[in-house]
Amino acid sequence: QVQLVESGGGLVQAGGSLRLSCAASGIIFSVNAMGWYRQAPGKQRELVARIFSSGITTHADSVKGRFTISRDNAKSTVYLQMNSLKPEDTAVYYCHTLSMDYWGKGTLVTVSS
């Protein structure tokens, strides 16, 4: 019933940009806090950014100034704009409905040096 579908990943050179999208269904999107997480091979999944229903956002220190989370409630979609990408940003990026613990299947971002 609940579905989160990520898109926008791909291969990009260091210094480049990508915008990830997560389309949600089966939830009242506007009242849900949403998050982006990432997981690199052999590493634990880590929180990248969160956006609350109020529009307040938080970003991990490692991405501050480079990544921006946003949402479009009319489209039930949360975005992650990623600029100045670094090889260490390479990971599978996952969309998450924070309070209800629903996950998307992820989209792969690969940053080459």
Side-chain angles (χ1 to χ4, degrees):
Q1 186 68 26
V2 177
Q3 190 172 27
L4 305 175
V5 181
E6 302 97 334
S7 62
L11 175 64
V12 65
Q13 292 186 6
S17 298
L18 287 172
R19 189 174 79 155
L20 307 183
S21 298
C22 171
S25 60
I27 63 170
I28 304 174
F29 182 82
S30 62
V31 304
N32 273 274
M34 304 294 296
W36 283 100
Y37 290 73
R38 67 186 182 187
Q39 187 168 25
K43 295 185 177 181
Q44 294 191 53
R45 189 171 298 186
E46 64 176 349
L47 176 66
V48 176
R50 297 177 294 183
I51 184 165
F52 299 96
S53 59
S54 64
I56 293 174
T57 63
T58 66
H59 298 79
D61 288 342
S62 60
V63 306
K64 282 183 178 177
R66 300 189 299 119
F67 292 11
T68 304
I69 190 171
S70 62
R71 66 193 296 158
D72 185 342
N73 288 339
K75 296 182 177 180
S76 296
T77 300
V78 61
Y79 303 96
L80 185 67
Q81 178 66 47
M82 305 185 295
N83 299 325
S84 302
L85 283 161
K86 303 175 181 180
E88 52 262 44
D89 296 319
T90 295
V92 177
Y93 284 72
Y94 297 91
C95 182
H96 183 229
T97 304
L98 275 70
S99 62
M100 294 189 290
D101 198 30
Y102 294 115
W103 294 89
K105 293 183 178 180
T107 185
L108 176 63
V109 172
T110 303
V111 184
S112 64
S113 59

What are the two closest heavy atoms between S17 and N83, and how far apart are they? OG-OD1, 2.9 Å

Does a side-chain N-to-carboxylate-O contact under 4.0 Å join K64 and D61? yes

Measure the spacing between OG1 of T90 and NZ of K43 and express it to the nearest 0.5 Å. 10.0 Å

Side-chain contact test, heavy atoms from C-beta onward, threshold under 4.5 Å: evaluate it for I69 versus H59 and give yes or no. yes

Strictly by disulfide bond (SG atoms under 2.5 Å apart), give each pair with a member in residues 2-106 just once, sequence neighbours left out. C22-C95

Looking only at non-hydrogen atoms, find the nearest pair between G9 and V109 and report the distance. CA-CG2, 4.1 Å

Could you tell me if the side chain of L18 sits less than 4.5 Å from the side chain of F67, heavy atoms only? no

Nearest 0.5 Å, please: how far is CD1 in I27 from OH in Y102? 9.0 Å

Run the numbers on M34 and T97 for side-chain contact (heavy atoms from CB on, under 4.5 Å), then give the verdict. CA-CA 5 Å; M34 304 294 296; T97 304; 3.8 Å; yes

Please report the closest heavy-atom contact between G35 and L98, naming both atoms and the distance. N-CD1, 2.8 Å

Do L20 and V111 share a hydrophobic cluster (ILVMFWY, side-chain heavy atoms under 4.5 Å, transitive)? yes

Would R38 and E46 pass as an ion pair if we require N to O under 4.0 Å? yes

Rounded to the nearest 0.5 Å, how far apart are CZ of R71 and CZ of F52? 10.0 Å

Would you call V12 and M82 a side-chain contact if the rule is heavy atoms closer than 4.5 Å? no

N32 side chain reached by M100 side chain, heavy atoms, under 4.5 Å: yes

From S84 atom OG to D89 atom CG, the distance as rounded to the nearest 0.5 Å: 9.5 Å

Note, Y94 side chain near Q39 side chain (heavy atom, < 4.5 Å): yes

Closest heavy-atom pair, S21 versus W36, reported as atoms and distance to 0.1 Å, is O-CH2, 3.6 Å

For H96 and W103, take the angle between the two ring planes, folded into 0 to 90°, and tell me which bin it lands in: parallel under 30, tilted 30 to 60, perpendicular over 60. parallel

State, to 0.1 Å, how close E6 and L4 come at their nearest heavy-atom pair, and which atoms those are. OE1-O, 3.9 Å

Within-4.5 Å side-chain heavy-atom neighbours: S7 and T107: no

Same apolar cluster (I L V M F W Y, side chains within < 4.5 Å links), Y93/Y79: no

So which atom in P87 and which in S113 form the shortest heavy-atom distance, rounded to 0.1 Å? CG-CB, 3.9 Å

Drop me the distance from S70's OG to R19's CZ, to the nearest 0.5 angstrom. 7.0 Å

Quick one: are V78 and F29 in side-chain contact, heavy atoms under 4.5 Å? yes

Which value, rounded to the nearest 0.5 Å, describes the distance between N73 atom CG and I28 atom CD1? 12.0 Å

